[in-house]
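Just below is one structure, and these are the notes that go with it.
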There are 2 protein chains.
Amino acid sequence: MLAAVFQVRGLDTREPTLNVLLWQRALDPEQGKWSLPGGQLEDDEDLTSSVRRQLADKVDLRELAHLEQLAVFSDPRRVPGVRTIASTFLGLVPSPATPALPPDTRWHPVNDLPAMAFDHAPMVEHARNRLVAKMSYTNIGFALAPKEFAISTLRDIYSAALGHQVDATNLQRVLERRKVITRTGTTARSGRSGGRPAALFGFTESRYRVTDEFAALRPPG
Amino acid sequence: MLAAVFQVRGLDTREPTLNVLLWQRALDPEQGKWSLPGGQLEDDEDLTSSVRRQLADKVDLRELAHLEQLAVFSDPRRVPGVRTIASTFLGLVPSPATPALPPDTRWHPVNDLPAMAFDHAPMVEHARNRLVAKMSYTNIGFALAPKEFAISTLRDIYSAALGHQVDATNLQRVLERRKVITRTGTTARSGRSGGRPAALFGFTESRYRVTDEFAALRPPG
DNA sequence: GCAAAAGTGTTGATTTTACACCCATGC
DNA sequence: GCATGGGTGTAAAATCAACACTTTTGC
């Protein structure tokens with residue numbers, strides 16, 4: 001089991017970026033290269049519990065707001081030595097959280113990955129593609145965003161996750177029409193350089209849900 | 001490994017139906033109940049090759065036009081006895097094919113399943129949901145349809161797969177705009193009760209492709 | 001007042017459903 | 001001719017991107 005855990009980092013900078021949690025191998029094979037965190041399945045747990053346990057134990061990460069299965073990588077020669085099958089997962093950590101990490105573990109921007117061990121690079125790519133697709137037709141963004149946020153913050157999160165610019169105006173309208181986000185009634189204070197205070201929003205639900213099921217071919221009526 | 005293999009059957013009747021290929025257990029546990037076909041992974045094959053091999057060997061099925069991974073079912077108590085993990089697949093067989101099947105193997109309508117063994121019922125459900133979702137935004141229908149077909153036939157296939165009525169007029173327009181189907185130039189003969197002969201179409205590509213990537217939040221430009 | 005940031009209004013394009021109407025064939 | 005099924009036209013609704021304009025704040 002291996003998990004690609006994503007977080008949008010640098011929301012307070014000019015360039016918020018989608019990052020993935022990686023771990024540097026101390027030993028051969030592939031010493032020095034970067035791996036996805038993971039480990040072996042025990043006899044008395046299912047895959048999801050196992051991934052949560054591994055992430056808590058090995059990289060001290062407990063703030064996962066979303067975790068889902070991706071694909072199984074099963075090429076007989078994907079790693080040297082004994083035949084190993086990897087079941088991969090997508091995990092998401094909300095943005096304000098800054099979990100403490102062990103020294104060999106680090107966040108890396110997904111658009112600038114270091115040398116990756118084995119077949120872990122395509123795994124990250126697969127996870128990113130899944131995330132991008134689901135940002136469009138589900139409420140999965142709840143797992144990357146704070147509890148309360150201004151639309152401009154949400155725009156930064158969506159931009160980083162999707163990898164392209166998103167218009168704040170239209171983002172707000174799309175998500176409000178779909179009832180994905182709700183106005184909380186409170187407003188943020190404006191920054192030191194002025195500007196109108198932003199209304200704050202929250203995700204309506206904090207459980208994964210498909211919001212826009214049919215791109216076409218809807219049922220009649 | 002287990003595969004939910006679907007085919008639309010009964011296209012020449014009033015009620016074309018989506019069916020799944022099941023196999024009746026001869027021995028305990030769960031004797032007499034119906035199972036998804038599958039088997040064990042060998043050391044020198046990956047999961048996809050293994051599923052194709054099992055289906056060819058055990059139920060003599062070679063006409064799979066599409067095969068993709070679904071989810072891994074890993075509850076430690078999902079089957080009695082030694083702990084077993086099931087990696088599930090979605091397979092699709094095009095409609096005119098009528099593969100010969102062993103005597104303990106049969107097609108069953110997905111809306112009227114018999115008593116299912118173990119956790120195989122939710123597996124079929126998961127596969128069906130995946131199929132329905134992908135019918136909307138990909139060209140996956142190619143794997144259920146004949147090489148050449150009239151729009152009304154395609155409507156029957158889509159209706160059966162999706163589980164609701166589909167308007168032939170609009171189906172044609174949506175799929176033509178997306179360049180999923182192409183007119184072949186030939187026409188069918190009209191039936192014994194008359195009626196205008198139908199123009200025939202074929203799928204433009206016979207490889208899986210996403211045709212409508214963004215429900216919203218498209219990149220700018 | 002002025003700059004900065006947030007929020008609203010509006011327009012046009014695209015996509016999609018629903019349904020009325022026309023076309024080609026067998027008997 | 002007329003029933004039957006195929007095909008086209010069209011209008012109304014929904015969705016969405018783009019961008020100009022207005023509002024509210026700090027200094």
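Every heavy atom of this structure was used, including side-chain atoms; hydrogens, water molecules and symmetry mates were not. We name chains A, B, ... by the order of the sequence lines, and we start the count at 1 in each one.
Spacing between atom NE2 of B/His164 and atom P of C/dA18 amounts to 11 Å, rounded to whole angstrom units. Taking atom CD of A/Gln165 as the reference point, atom P of D/dC16 lies 20 Å away to the nearest angstrom. Counting to the nearest Å, the P atom of C/dG7 and the CG atom of A/Asn170 are 14 Å from each other. Regarding B/Leu200, its CG atom lies at a distance of 17 Å from the P atom of C/dA24, rounded to whole Å. We find that CG of A/Leu171 is positioned 14 Å from C1' of C/dG7, with the value rounded to whole Å. Atom pair B/Tyr137:OH and C/dT16:C1' shows a separation of 19 Å (rounding to whole Å applied). Going from atom CZ of B/Phe149 over to atom P of D/dG6 covers 14 Å, rounded to whole Å. As rounded to whole Å, 6 Å separates atom P of D/dC16 from atom CG of A/Asp212.
B/Glu148 and B/Thr186 form a side-chain donor-acceptor contact under 3.5 Å, judged by distance and modelled atom types alone. In summary, the side chains of B/Thr182 and B/Thr204 do present a donor paired with an acceptor at a separation below 3.5 Å, with no hydrogens or angles considered. In summary, the side chains of B/Glu45 and B/Ser50 do present a donor paired with an acceptor at a separation below 3.5 Å, with no hydrogens or angles considered.
If you check every strand for non-hydrogen atoms under 4.0 Å, B/Ser152 touches sugar and phosphate atoms only.
With C/dA24, C/dT17, C/dA18 as the choices, the nucleotide that has an atom nearest any side-chain atom of B/Arg173 turns out to be C/dA18. Closest to the A/Thr169 side chain, of the nucleotides D/dC16, C/dT17, D/dC19, is D/dC19. Side-chain proximity of A/Arg196 to the nucleotides C/dT17, C/dA6, D/dT15 is greatest for C/dA6. Considering only the side chain of B/Ile151, D/dG7 comes nearest among D/dG7, D/dA17, C/dA18. Listed nucleotides: C/dG7, C/dT15, D/dA17. Nearest to the side chain of A/Ala198: C/dG7. The side chain of B/Ala199 approaches D/dG7 more closely than any other nucleotide in the set C/dT17, D/dC16, D/dG7.
The phosphate of D/dC16 (OP1 or OP2) has a side-chain N or O of A/Arg177 nearer than 4.0 angstrom.
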query: Would B/Phe149 and B/Phe203 count as a ring pair (Phe, Tyr, Trp, His ring centres under 6.0 Å) if you check the C-alpha gap in whole Å, the side-chain angles of each, and the deciding distance to 0.1 Å?
result: CA-CA 9 Å; B/Phe149 48 82; B/Phe203 275 83; 5.6 Å; yes
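B/Asp167 contributes no side-chain N or O that forms a donor-acceptor pair with the base of C/dA18 under 3.5 Å.
The line from CE of A/Met123 to NE2 of A/His120 is 5.0 Å long, rounded to the nearest 0.5 Å.
Between B/Pro197 and B/Arg218, it is B/Arg218 whose nearest contact on DNA chain C lies nearer the 5' terminus.
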